[in-house]
Amino acid sequence: MTFAIHGLPVARGIAIGRAVLMAGRVDVVHYFITPDQIETEIARVRAGRDAVVDEIHRLQHTITGMGPKEAPHELSALLDVHLMLLQDQDLIAGVKHWISDRHYNAEWALTTQLEALSRQFDEMEDEYLRERKADLEQVVERILRYMKGVATPAAAPAVARRPGAGRQQDLGLEGTTDVPLVLIAHDLSPADMLQFKQSVFAGFVTDVGGKTSHTAIVARSMDIPAVVGARSASQLVRQDDWVIIDGDAGVMIVDPSPIILAEYQFKQRQAELERGRLGRLRHTPAVTLDGERIELFANIELPEDAAAALEAGAVGVGLFRSEFLFMGRQGHLPDEEEQYQAYRRAVEGMQGLPVTIRTIDVGADKPLDDSRHDDAHLNPALGLRAIRWSLADPAMFLTQLRAILRAAAHGKVKMLITMLAHVGEIRHTLSLIDFARAELDNRGQVYGPISVGAMIEIPAAAIMVRTFLKYFDFLSVGTNDLIQYTLAIDRADESVAHLYDPCHPAVLRLLADTIAACREQGKPVSVCGEMAGDVDFTRLLLGLGLRSFSMHPAQLLAVKQEVLRADTARLAPWSQEVIASDEPAKLLA
Ligand code: PEP
Ligand code: MG
């Protein structure tokens with residue numbers, strides 16, 4: 001039966017594929033195997049299962065030696081249930097199916113089958129049987145843990161061949177050798193998302209998350225359709241269902257009828273044509289009708305993203321979110337050498353164009369790793385985040401500063417400091433940068449010149465922008481956080497997403513004043529939040545005097561198209577009207 005689930009549009013485009021449900025187990029590796037690896041993968045699962053069976057037998061043996069007091073009857077009954085589940089034909093046959101027919105690696109097959117069986121347990125009338133789901137989860141967890149301890153064959157992230165499926169014909173997809181896969185999860189952290197960056201998924205849907213949550217931002221950078229905040233999507237969709245993701249409308253259609261499918265296939269082709277048309281603008285200079293030259297920079301998360309930035313025709317990197325180098329490392333932070341090499345790769349990758357490296361911004365919805373969520377802090381977005389975190393751990397911060405300074409010996413580097421609000425923090429940060437230089441001098445180590453800028457993303461910073469200008473070479477407005485903190489709306493919380501409003505007059509006035517102050521003093525200013533890559537705001541930002549934008553490479557050509565059609569002289573008075581209005585959105589529509 002066809003039905004639709006609504007969420008928030010995050011990354012544009014249409015994806016049509018089979019659902020892969022990720023039921024909270026994103027730590028499991030997912031990759032396709034080649035046909036000659038099928039037997040090895042099945043053997044890995046079998047070995048894991050046998051090891052767990054042995055472990056349970058040993059436990060049973062131990063408890064039979066205990067007195068009845070120490071060995072409660074429930075424990076032995078529980079172990080019997082676990083043994084029974086481990087021998088269950090549905091588990092074993094299902095895992096074999098995912099490995100042999102779908103070419104999933106062993107861990108992926110196991111978690112996929114767990115998900116399928118869990119659904120069956122949920123539907124059972126009998127409460128006792130329903131509760132066995134938890135036991136099944138435990139035994140699968142034990143097998144996975146065993147497998148983790150045993151060397152896995154080298155992951156093949158995107159092995160070419162994917163098997164066809166009968167349903168493809170029903171859907172008119174015959175002839176396709178690859179079945180696109182769409183990932184559906186309750187939640188994905190930004191680090192999880194990053195892990196999928198090189199993967200095979202054609203689209204993403206999550207139950208939770210806001211439009212400018214960092215998970216959404218990484219999804220957008222992958223340039224594949226994504227919907228977040230789709231509430232119960234992971235409950236309603238079944239493993240392997242056919243789904244359509246409409247990333248423009250923020251909708252997922254499950255089990256589409258042939259008519260709906262045909263309509264979306266048409267839209268998909270239109271989007272591809274549009275992409276092709278935009279591609280022709282790559283080498284066109286970004287100059288407005290009245291001759292204003294506009295700089296379009298790229299936002300990147302990893303050094304390897306520099307290639308996409310160049311490909312899109314970016315004039316440099318306006319925001320390198322360095323924190324992604326630090327995530328998901330179970331506490332082992334990258335040392336100076338590793339950071340230096342990463343920054344250097346980004347700098348060299350940009351082939352002489354400038355790279356703006358932002359100092360680490362962890363905290364809030366970007367935990368260092370998932371296991372380190374700190375529930376004690378109820379308002380992490382207002383807590384020890386970004387520069388506050390860096391200043392609280394000067395040794396860690398100095399390590400990063402030295403690495404950035406050293407990378408500056410290889411090309412044009414700008415350093416961007418995030419989440420500043422106090423003059424004291426500014427002074428402290430600048431003195432640590434000097435200290436890092438002095439340390440490198442003492443070591444006799446080579447480093448390069450850098451300009452230092454600040455992000456304007458806390459209302460306090462926007463209000464005292466003229467003070468900031470005394471200390472910094474340039475400013476960059478982080479509209480994602482500026483909106484979050486001005487309106488007191490958690491950007492990662494879908495339940496307040498309708499109140500997260502870039503067009504709020506307070507936000508627009510802070511933004512306009514920041515741009516105006518920089519222009520008055522002749523200092524460079526850019527916007528690197530998601531507003532910069534949203535074509536709905538390009539004309540307004542140009543009218544307010546902005547000449548430098550930084551966005552994901554995938555958004556760059558669409559923004560350039562807007563720039564080419566704009567006349568800043570005519571937009572300026574209109575923009576003043578917009579920011580003076582009580583309801584700017586009406587004028588922007
Ligand atoms: C912003 O806040 O607008 C920004 C660019 O930084 P981040 O999204 O990483 O918080
Ligand atoms: Mg920010």
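Keep in mind that what you see is a predicted model, and the values were worked out from it rather than measured. Remember, it's 1-based here, ligands and their atoms both numbered in the order they're listed.
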* Nearest heavy atoms of Thr399 and Glu336, plus distance in Å -> CG2-N, 3.5 Å
* Determine the minimum heavy-atom distance between Ala381 and Gln484, stating which atoms define it. => CB-NE2, 4.0 Å
At less than 4.0 angstrom from any non-hydrogen atom of [X], what atoms of ligand 1 do you find?
X: Met455; value: 4 (C), 5 (C), 6 (O)
X: Cys528; value: 5 (C)
X: Arg385; value: 10 (O)

* Backbone or side-chain N/O/S of Asp361 under 2.8 Å of the Mg ion (ligand 2) -> no
What is the closest protein heavy atom to [atom], and at what distance does it sit?
atom: atom 7 (P) of ligand 1; answer: His214 NE2, 3.1 Å
atom: atom 6 (O) of ligand 1; answer: Arg358 NH1, 2.9 Å
atom: atom 8 (O) of ligand 1; answer: Arg491 NH2, 2.7 Å

* Asked: For residues His214 and Asp365, is any side-chain donor paired with an opposing acceptor at under 3.5 Å?
  -> yes
* Distance-only, no hydrogens or angles: does the Glu494 side chain make a donor-acceptor pair with backbone N or O of Gly229 under 3.5 Å? -> no
* Asked: Taking the six-membered ring of Tyr447, is the NZ or CZ of Arg406 close enough (under 6.0 Å from the centre) and on axis enough (within 45°)?
  -> no
* Is it true that the NZ or CZ of Lys523 lies under 6.0 Å from the centre of Phe472's six-membered ring and within 45 degrees of the ring axis? -> no
* Structure fact -> Heavy-atom proximity to atom 5 (C) of ligand 1, picking from Glu301, Glu457, Glu530, Arg321, points to Arg321
* To do: Find out whether Arg358 and Phe320 are in side-chain contact, i.e. whether some heavy atom of one side chain is under 4.5 Å from a heavy atom of the other.
  => no
* Quick one: look at Leu319 and ligand 1, take heavy-atom pairs under 4.0 Å, and tell me if it's side chain, backbone, both or neither. => side chain
